[in-house]
Amino acid sequence: MTRQKDQFQLVMTSDGVPIGTAGVYNTVRILEKIPRLNIYTHWLALVYTIPMERGKGYGALLCEKVEEEAKKEGISKLHLYTYTAESLYKRGGWQLVERIEVESRNIVLMEKELAILK
């Protein structure tokens with residue numbers, strides 16, 4: 001795991017080989033395209049599983065681990081945007097905020113409330 005103040009990136013490995021990644025950032029690419037979204041912070045981002053390991057639940061597991069680490073950091077809400085994995089995030093308890101058309105892509109903006117650990 002790499003970490004900066006309230007931002008971090010996790011790497012999942014199998015037998016020492018990286019197979020997936022996910023993290024929390026305060027700056028994500030969509031903010032360049034739609035500046036009004038700057039009101040949101042703590043973005044779940046860079047969620048990726050290598051192609052040969054997809055469909056095994058690793059993406060969901062990575063997201064759960066990111067949420068756990070975010071809670072430890074005192075983060076109470078996460079945001080994300082996707083145009084490819086809306087169903088994955090819905091299954092994980094994420095809520096739709098809005099749909100946005102960006103460069104011919106149907107982008108879904110979602111958020112999730114986190115119970116802060118004390």
Side-chain angles (χ1 to χ4, degrees):
M1 173 168 49
T2 60
R3 182 179 299 277
Q4 276 186 311
K5 184 179 181 288
D6 74 355
Q7 299 181 86
F8 57 89
Q9 187 70 27
L10 304 178
V11 176
M12 177 182 279
T13 62
S14 176
D15 295 324
V17 176
I19 61 169
T21 185
V24 172
Y25 292 89
N26 287 322
T27 302
V28 290
R29 190 168 204 178
I30 199 167
L31 301 179
E32 297 169 5
K33 308 259 184 223
I34 308 173
R36 71 176 173 80
L37 298 179
N38 279 315
I39 62 171
Y40 303 114
T41 59
H42 303 116
W43 294 84
L44 173 69
L46 302 174
V47 179
Y48 178 79
T49 304
I50 62 172
M52 62 194 262
E53 297 295 342
R54 292 181 184 157
K56 299 178 180 178
Y58 294 139
L61 188 60
L62 273 164
C63 291
E64 289 172 16
K65 186 64 176 169
V66 165
E67 291 171 24
E68 288 174 22
E69 292 298 319
K71 289 177 193 179
K72 291 177 188 175
E73 290 291 318
I75 297 170
S76 62
K77 186 184 290 189
L78 289 175
H79 297 88
L80 67 80
Y81 70 95
T82 184
Y83 59 91
T84 60
E86 180 178 357
S87 62
L88 167 72
Y89 297 113
K90 279 184 178 177
R91 286 191 308 271
W94 290 78
Q95 302 297 311
L96 175 70
V97 174
E98 68 177 292
R99 294 185 185 279
I100 309 163
E101 184 78 20
V102 178
E103 297 177 351
S104 301
R105 289 193 170 129
N106 180 23
I107 303 291
V108 178
L109 175 64
M110 303 179 92
E111 67 182 17
K112 186 169 186 179
E113 296 278 346
L114 305 177
I116 300 299
L117 300 176
K118 293 183 180 185

Practice task
Report the distance from atom OH of Tyr58 to atom OG1 of Thr49, rounding to the nearest 0.5 Å.
Solution key: 9.5 Å

Exercise for the section: May I ask whether Leu10 and Leu88 are part of the same hydrophobic cluster, defined by side-chain heavy atoms of I, L, V, M, F, W, Y residues being less than 4.5 angstrom apart, directly or through others? Expected result: yes

Problem - Verdict with supporting geometry, Trp94 and Thr82, side chain to side chain contact (heavy atoms under 4.5 Å, CB included) - result: CA-CA 12 Å; Trp94 290 78; Thr82 184; over 6 Å; no

Completion exercise
Quick note, salt bridge (charged side-chain N to carboxylate O under 4.0 Å, His left out) partners involving residues 22-33, not counting sequence neighbours, are Lys33-Glu103

Handout entry: Gap separating the CG atom of Asn106 from the CD atom of Glu101, nearest 0.5 angstrom
Key = 6.0 Å

Exercise for the section: Tell me whether Val47 is reachable from Leu61 by hopping between hydrophobic residues (I, L, V, M, F, W, Y) whose side-chain heavy atoms are closer than 4.5 Å. Expected result: no

Practice task
Could you tell me whether Glu69 and Lys72 have a side-chain N and a carboxylate O separated by less than 4.0 Å?
Solution key: yes

Problem - For the student: nearest non-hydrogen atoms of Leu114 and Ala70, plus distance - result: CD1-CB, 3.8 Å

Exercise for the section: Could you tell me whether the side chain of Phe8 reaches within less than 4.5 Å of the side chain of Val66, counting heavy atoms only? Expected result: yes

Exercise for the section: Please test Glu68 against Lys71 for salt bridge (Lys or Arg N to Asp or Glu O under 4.0 Å), starting from the C-alpha separation and ending with a verdict. Expected result: CA-CA 5 Å; Glu68 288 174 22; Lys71 289 177 193 179; over 6 Å; no

Problem - Pairwise distance CD(Glu53) to CD1(Ile19) - rounded to 0.5 angstrom - result: 5.0 Å

Practice task
Check step by step if side chain to side chain contact (heavy atoms under 4.5 Å, CB included) holds for Tyr89 and Leu44.
Solution key: CA-CA 11 Å; Tyr89 297 113; Leu44 173 69; 3.7 Å; yes

Problem - Intermediate values then yes/no, side chain to side chain contact (heavy atoms under 4.5 Å, CB included), Val108 and Lys90 - result: CA-CA 11 Å; Val108 178; Lys90 279 184 178 177; over 6 Å; no

Problem - Short side-chain to backbone donor-acceptor contact, Asn26 and His42, under 3.5 Å - result: yes

Practice task
Determine, step by step, whether Gln95 and Glu113 satisfy the side chain to side chain contact (heavy atoms under 4.5 Å, CB included) criterion, reporting the C-alpha distance in whole Å, the side-chain angles of both residues, the deciding distance to 0.1 Å, and the verdict.
Solution key: CA-CA 9 Å; Gln95 302 297 311; Glu113 296 278 346; over 6 Å; no

Exercise for the section: Name all residues meeting the ring-ring contact (aromatic ring centres under 6.0 Å, His included) criterion together with Tyr40; count only those two or more places apart in sequence or in a different chain, and write none if there are none. Expected result: His79

Exercise for the section: Enter the distance from Thr41:OG1 to Gln7:CD here, rounded to the nearest 0.5 Å. Expected result: 9.5 Å

Practice task
For Leu31, check side-chain contact (heavy atoms from CB on, under 4.5 Å) against everything at least two apart and list the hits.
Solution key: Val28, Leu37, Asn38, Trp43

Handout entry: Residue pairs, two or more places apart or on separate chains, that pass side-chain hydrogen bond (donor to acceptor under 3.5 Å, both in side chains) and touch residues 10-21
Key = Gln9-Thr21

Problem - Hydrophobic cluster membership, Leu62 vs Leu46, 4.5 Å side-chain cutoff - result: no

Practice task
Check side-chain contact (heavy atoms from CB on, under 4.5 Å) between Tyr83 and all other residues, then give those that pass, not counting sequence neighbours.
Solution key: Arg105, Ile107

Fill in the blank from the handout: Correct closest heavy-atom pair for Glu67 and Leu78 would be CG-CD1, 4.0 Å

Handout entry: In one Ile/Leu/Val/Met/Phe/Trp/Tyr side-chain cluster, 4.5 Å: Tyr25, Tyr48
Key = no

Completion exercise
Nearest heavy-atom approach of Asp6 to Val24 is O-CG1, 4.0 Å

Exercise for the section: Please write out which residues are connected to Val17 in a hydrophobic cluster, directly or through intermediates, given that two of Ile, Leu, Val, Met, Phe, Trp, Tyr count as joined at side-chain heavy-atom separations below 4.5 angstrom. Expected result: none

